[in-house]
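Reviewing the structure listed below.
In what follows, every chain begins at residue 1, and chains take the letters A, B, ... in the order their sequences are listed. Please read these numbers as outputs of a predicted model, since none were measured by experiment.
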Amino acid sequence: MTAAVDLALSGAGAAPALRARGLRKGFDGNLVLDGVDFALAAGEVHAVVGSNGAGKSTLVKLLNGCHQRDGGTLELFGAAVNFSSPRAAGRAGIAMVYQELSLIASMSVAENLFMARWPCSAAGWLDEAALAGAARRLLAELGIALDPWRCVAELSAAEQQLLEIAKAVARQARVLILDEPTAALSARESALLFALLRRLKGQGVAVVYISHSLGDVFAVCDRVSVLRDGRMASCAAVAATSIATVLAEMAGRPPGAAGQQRPQRAPRPAAAPVAAAAADSAAGAAPRTPLLELRNVATAALADVSFAVYPGQVVGLAGLLGSGRSQILAAIFGLARVESGQVLLAGAPVTIGTPRQAIGLGIVLLPEQRRRQGLALELDVADNVLMARHGQARPWRWLVPEQERRSVAALARRLGLRADGAGRAVRYLSGGNQQKVVLAKCLSTPARVMLLDEPMAGIDLQGKLAILRIVDQFAAEGNAVLLVSSDYDDIAGVCDHTLLVRRGRIAGQLAAGQGAAGILAALQ
Amino acid sequence: MEQVVNRSEAVVAPQRQHFAWRNYLIYLVFAGLLLLFAVLLRDKGFLDPANLMNIARQTAVIAIMAVGMTFVLSAAEIDLSFGAVVALAAVTAALLLPHGVLAAVLGALLAGAACGLLNGLLVARVGIPSFLVTLGMGGIVAGVTRWISGLQSIPLDHEGFAFVFGSGDIGPLPVLLLWMLLVGGLGHVLLRKTAFGKQVLASGGNKIAAMYSGIDVPRVKLQVLLLNAVLAALAGILYAGRMQSARYTLGENDLMMVIAAVIIGGTSLFGGKGSVVGSIVGALIMGMVNNALVLMGLNVDQQMILRGLIIIGAMTLTMGRLRKR
Amino acid sequence: MEQVVNRSEAVVAPQRQHFAWRNYLIYLVFAGLLLLFAVLLRDKGFLDPANLMNIARQTAVIAIMAVGMTFVLSAAEIDLSFGAVVALAAVTAALLLPHGVLAAVLGALLAGAACGLLNGLLVARVGIPSFLVTLGMGGIVAGVTRWISGLQSIPLDHEGFAFVFGSGDIGPLPVLLLWMLLVGGLGHVLLRKTAFGKQVLASGGNKIAAMYSGIDVPRVKLQVLLLNAVLAALAGILYAGRMQSARYTLGENDLMMVIAAVIIGGTSLFGGKGSVVGSIVGALIMGMVNNALVLMGLNVDQQMILRGLIIIGAMTLTMGRLRKR
Amino acid sequence: AALPAGPAGEAATAPGQVRLGAEDAAALRGRGYTAALLMHTSSEFSRALCAGAGAVFKELGIKVVAQTDAEMDPKKQRSDLETVLALKPDIIVSLVIDPVSGAVAFRQALRQGAKLVFISNAPQGFRHGRDYAGIVTDDLPGMGAAAAKLLADSIGGSGEVAVIHHAANYFVTNQRDAAVRRELARYPAIRVVAAPGIANPNDGEVVAAAILTQHPRVKAIYAPWDLIAEGVTAALRAAGRRDVKVVTMDLGAANALDMVKRGNMAGIVSDMPYDMGRSLATMGALAMLGRPTPAFVTYAATPVTPANLAEQWPLALRRPAPAALRKALEARQ
Ligand SMILES: Nc1ncnc2c1ncn2[C@@H]1O[C@H](COP(=O)(O)OP(=O)(O)OP(=O)(O)O)[C@@H](O)[C@H]1O
Ligand SMILES: Nc1ncnc2c1ncn2[C@@H]1O[C@H](COP(=O)(O)OP(=O)(O)OP(=O)(O)O)[C@@H](O)[C@H]1O
Ligand SMILES: O[C@@H]1[C@@H](O)[C@H](O)OC[C@H]1O
Ligand SMILES: [Mg+2]
Ligand SMILES: [Mg+2]
């Protein structure tokens, strides 16, 4: 396989932009990459795909000098290189968008954009005006609406993701590495990125593109390499392969095997959209009470938000970047003060001042920023997964390790969570597996209402299917789910109906069966 | 699908506790230093059972304070007032002893608890950084202690009290050692085996994530400061029992030693990581080094230099990046 | 490329870095305390120009140390050794003065730089937590200083040296005040207006992100520890000039005061946030309070209690959660 | 024993000679004079001394406007002095921690015209009469000698002893510790087998424990002062060594109680801080009147044993002995 690639490249006559041979890397005795060959041509967009924990991020972090390899060779434009740090790689013309983001929360957008390369006057003073100007220009050029002076801590996950992309682009590198750049982005921002990639490609920039969205990969990439368990399983031009083949290679089984399809929606108690509820009672059927209802809720960022989720329903929240989807979840979960209006749980008005109360009432939230809001990175998988449960327990509650281990293992199994030793700090898990830890935490407490904010970010296909199944089943048990996702396919696939959020208000509602295209159209 | 199941099973189930050998280096360092001193000081009585008991006695109270501080640092807070609380509790116990042992012990613990509660309320409810709250509280408590004691050393003239709280020996073992084991054991269990311990580590590891997970972070911070102050009060009682007197200077020099013991033991100054057993071993290392330096017959200057070198050397072995990353 | 700007659905238009008034509360507290003491102590000479200059003189050296510590804490490190470095530098200067002022000043600064470099290498290259490195280094340096000074106070008998470094007045202004303004001004500019300052804040804000973004984090940590030690050495020279003698105890009591000044000024103990001007104001607040407590004629116990109350009270005003959240 | 001489060889004056007449007192009253007490540290010694000085000042209508504790830090003492000078005190009573840097600091006070009275030692280069009114001190060498004698007597004049010294530059303790060694050298049958230094007074137990480990035949230990001695007795108790004797300086309840109850304490050398305070204030007042003041007033050291404890305690500290101590004394009768 690699021989063929080599041929193709040498046919082009030039040395590849980047070539790795026999890369090996282990952490604390765990071999993560085992003899990986990889070649990247100038002017190509080269996808690297694989399941969570396959070693994709580790591979690119070796290319970028974040980690030091244990074996193998690395060449940049034909010259052997050895990067001791990202800084060294940066100087050689490599820029990277990190999966876990590399932003300093306490600093501004502009400062982050030009991190470590801030414009200085001849005398060495920081030139703030030039910094702001350059930031504004770059953001405008990329079509990103961000105030250069905003503090990064205030940005949403999507805004941070865009900033991270802009930051890498700003380096004008010859080799650009993107590790799941669209995990938090919706179709519209992704499209912006793809246009940008085509332009960079035209300028001869070599791009490594890591993603779990094979649709995107096949839309924008020239070649696709598949990593499986730390080995390069295949490498082919996208034109010469298919999604099914790639999926099979990722999973390590023959193409066509079952298990790739989205789950069929389980039969649920008849879903009753808001409008239908009135009809229900009018028809004389016992009026059913919504499990979760918002009546004219207003917060600092929301106005007049009303909707209801009935037992057995999965309701989607669709909207553009910054439309207020997360704010709606925040209002329910006690994170934002409800200034007027009412939140009702099973028909009874509730006042929720803290997440603690929310969880006590059977509401859980999967937050959109896993590392900031979801995980204590130094704690191990079990302690993170059980955090919510420990939070509800009486302080002196005695913990039974065996019992805990079993429940964590069960959750991990349901989600396909792959953690080499649950006793290790989650800092060292792959991005997707970290996301699965946060999900497992949500599932660890008994809840009636699940608020999911971008639950699929960074999750591989298998995991995603597992989650969709779990959501489906959870609803089928008579519970309620509110789902925020930038992936309209997910929303279309699992939601009973979808609320359109615009400028902090509910702007409309789409019934089930509209499909991703329908949602996209409605949002325009 | 089945695939996923099998794979994840294989991956999560096996080692519940991944053996992080670097976390155990500190025990090796402890053993190494013990061996070193045993050889170097073989003619100077280092290994005498009596001297080993001296080390235990001299370290026990520090170790007890280190247990409390482990919780505080694990929760990403700090307590600079505990030295003053030690003295306040000792003086309170001494002043109340004429009214009975129970009054003395309860009074001292209550005085400590009051200080801890105030610290906790100011940190958790008012939102002032614990460094400043406890710096201020330390001054207030020290001033009060000086005032109520009139700068005098107050004798504790009660054999039973002295025996139980610091001076006695049970068989060959000093009661102080038993106190240390008791507090250490309870502390270890509290941090590792109860929901409270998990809440402390989560709050210190990531306050926001802990809050999102329904942990009452302010309450946890209040509780660790309270716990630490109560342990400081216990330390004060034990100091008083051991010295059979109490005065305002007790505890004033222990701050750095206690924090150092905790950090040597592997607890992070930035929260989220803590080990009670590590802290106790850290305290034992510090105590053993001090003891050995004195036995070596060095003068104070030399002791200071060598102590610094040993701390840095030991930490190079335990925490230094052995391999390039 | 089409603009997401136009389609942004944000309810709240992003404001340009809104004026963070809470960051300026500390100046109000400073002004408020000044006013309070001016009124309370109007008959006791608090507002006498001479007394105000006293405050400046007594605070200047602390403020200079606080400037260095601002960088250290901003980078999420700590330096417990600087007090010992102060004394080492002073004693070095005193011992070298017979060979000329230049030799004395350079020698002292070099001694400080050497300590800082060692701290830096151990923290940045070997990877030991700065708390332990600098605790150890503090002991070593203090031991060395005691040894080379033979525990004697060494007079600095040189008018020019004394004038420039701490004892002189230029017009009505003590040179110490000028030194403070100079170091404070440079420090402020360095932290706010240079790439180095941003690197420090980034390294302290998120070490890994900073490293991933191409900042040489270990070098930055080394540099702040070096800078702090050099400023500590300068502080030692100024103390020596002010006292016209050098002694091994110089600086040993300044640690808490300096860190408190820095934190009062708004720098975070956890890195990523720092203000040089805030630290200087913090130092001035501490100095002013100490001065006022003495002028009030309180006894020492009362001074300690009141100082603690003032710290907590002031911080409740500046940092307390005024609104619920 | 002969009383020691002052810094310039001045003969020692007995405290009884420092006196104010009734007409002197009358001349001072109503003049609105003020005084400040700049102490080196806070201890029972400093408390009693301040109390004595304060009592005299009060009798004379002199207001004590400030009282400070330098925490044994010369630079803090300098700041304290500067601050106090803003109050323009007429009399300053101080124990100068560091005579070298103190020379610079106290010049400032001189320039402002304050009358200075010092405890134990004066800043370097200061001259009696010209610069300061006088020194009032406890007889430091005498205290050392008395301690050595108590130590020797407690072991019948022969055997191994350990002498702990204060490893710091501090005139008072350095003088006393040196005198102990000098005096002990005069007992041919006494051998000093260990002479460790101590920098942190809370380390008494650690240091004493090491002595016992390495020199089990030690019969007595000298501790530089009260707080250290408490640690030493704690170490002896822990080792079960009721036979080892301890001698120290300064009256403290815990050590005194141990002594009365026939524990390890063999004797305590005491001085007269309250009376010293009275003399210091009186000297300041005399200086205000422009009257001659003695250069060097010395209080004799008093060896305290159970026999004279009951009298000495209130004499030295001017407060009643603690109840526990009184009870123990009665029980001992
Ligand atoms: N710094 C580290 N220390 C220890 N183990 C690590 C470290 N970084 C990664 N690993 C391990 O290496 C394996 C591969 O991780 P990597 O992040 O490369 O996966 P990935 O393919 O990027 O997955 P994902 O799709 O979830 O992002 C995982 O098992 C992970 O736990
Ligand atoms: N406390 C607040 N007060 C006022 N406005 C806020 C507050 N918090 C967030 N906002 C603003 O509300 C808007 C909605 O943000 P939200 O995070 O809910 O959007 P979203 O739909 O989830 O978009 P994204 O894709 O960015 O996650 C944003 O413009 C945000 O800046
Ligand atoms: O406080 C102590 C004092 O009481 C003693 O006499 O000498 C040393 C001092 O530190
Ligand atoms: Mg990854
Ligand atoms: Mg959002």
Side-chain angles (χ1 to χ4, degrees), chain A residues 64 66 85-87 89-91 96 98 100-108 111-112 115-118 120 124-126 128 139-151 154 162 167 171 188-189 192 195-196 199 300-303 319-324 327 337 501-505, chain C residues 1-20 23 74-76 186 188-220 266-268 270-275 323-325:
Chain A
N64 181 49
C66 282
S85 66
R87 181 181 165 75
R91 275 198 296 255
M96 175 157 164
Y98 294 92
E100 61 267 45
L101 304 191
S102 62
L103 303 173
I104 313 284
S106 55
M107 296 174 90
S108 69
E111 285 167 335
N112 269 285
M115 182 59 61
R117 304 181 309 121
W118 304 284
C120 289
W125 302 133
L126 222 53
E128 300 234 338
L139 291 170
E141 188 184 313
L142 298 177
I144 298 171
L146 279 181
D147 179 336
W149 291 122
R150 259 178 88 190
C151 182
E154 300 170 3
L162 287 173
K167 178 178 162 187
R171 302 193 79 104
R188 206 164 56 109
E189 294 91 39
L192 273 175
L196 174 70
R199 205 177 67 191
L302 300 176
L320 299 177
L321 185 107
S323 55
Q327 287 299 317
R337 210 170 64 83
V501 185
R502 184 171 291 157
R503 293 176 188 276
R505 293 167 183 274
Chain C
M1 192 149 301
E2 60 173 334
Q3 284 264 336
V4 179
V5 180
N6 309 330
R7 308 240 218 101
S8 172
E9 301 277 299
V11 193
V12 184
Q15 316 117 291
R16 184 192 183 294
Q17 199 154 55
H18 69 148
F19 181 79
N23 290 347
S74 294
L186 288 178
H188 175 75
V189 162
L190 190 63
L191 189 63
R192 283 273 171 274
K193 310 278 173 200
T194 72
F196 174 69
K198 298 284 172 198
Q199 287 176 11
V200 169
L201 291 169
S203 301
N206 185 342
K207 177 165 89 177
I208 294 176
M211 194 262 275
Y212 281 6
S213 306
I215 290 176
D216 190 342
V217 177
R219 202 180 59 189
V220 171
T267 296
S268 162
F270 296 100
K273 253 183 83 184
S275 160
R323 307 150 306 159
K324 234 194 127 189
R325 169 131 281 256

Looking at residues at least two apart in the chain, or sitting in another chain, which of them share a side chain to side chain contact (heavy atoms under 4.5 Å, CB included) with Arg87(A)?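 Per chain and number, Arg87(A) pairs via side chain to side chain contact (heavy atoms under 4.5 Å, CB included) with Ser85(A), Arg91(A), Asp216(C), Arg219(C).
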
Asn64(A) side chain to Tyr98(A) side chain, donor-acceptor N/O pair below 3.5 angstrom: yes

Less than 4.5 Å to any heavy atom of chain C: does that hold for the side chain of [X], its backbone, both, or neither?
X         : answer
Glu100(A) : side chain
Met107(A) : side chain
Trp118(A) : side chain

Contacts table for residues 189-198 of chain C: side-chain donor-acceptor under 3.5 angstrom, sequence neighbours left out:
unit_1: Arg192(C); atom_1: NH2; unit_2: Gly274(C); atom_2: O; d: 2.7
unit_1: Thr194(C); atom_1: OG1; unit_2: Leu190(C); atom_2: O; d: 2.6
unit_1: Thr194(C); atom_1: OG1; unit_2: Phe196(C); atom_2: N; d: 3.4
unit_1: Thr194(C); atom_1: OG1; unit_2: Gly197(C); atom_2: N; d: 3.3
unit_1: Lys198(C); atom_1: NZ; unit_2: Glu111(A); atom_2: OE2; d: 2.4

Find the distance between SG (Cys66(A)) and OH (Tyr212(C)) and round it off to the nearest 0.5 Å.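 Between atom SG of Cys66(A) and atom OH of Tyr212(C) there are 4.5 Å.
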
Distance, nearest 0.5 Å, that separates CE of Met211(C) from OG of Ser102(A):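 Answer for the CE-OG pair, Met211(C) versus Ser102(A), is 10.5 Å.
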
Between Gly204(C), Ala210(C), Ala209(C), Gly205(C), which shows the greatest number of heavy-atom pairs under 4.5 Å with chain A?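 So the answer, after comparing Gly204(C), Ala210(C), Ala209(C), Gly205(C), is Ala209(C).
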
Based on non-hydrogen pairs under 4.5 Å, which of Cys120(A), Ala105(A), Pro86(A) is most in contact with chain C?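 The answer is Pro86(A).
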
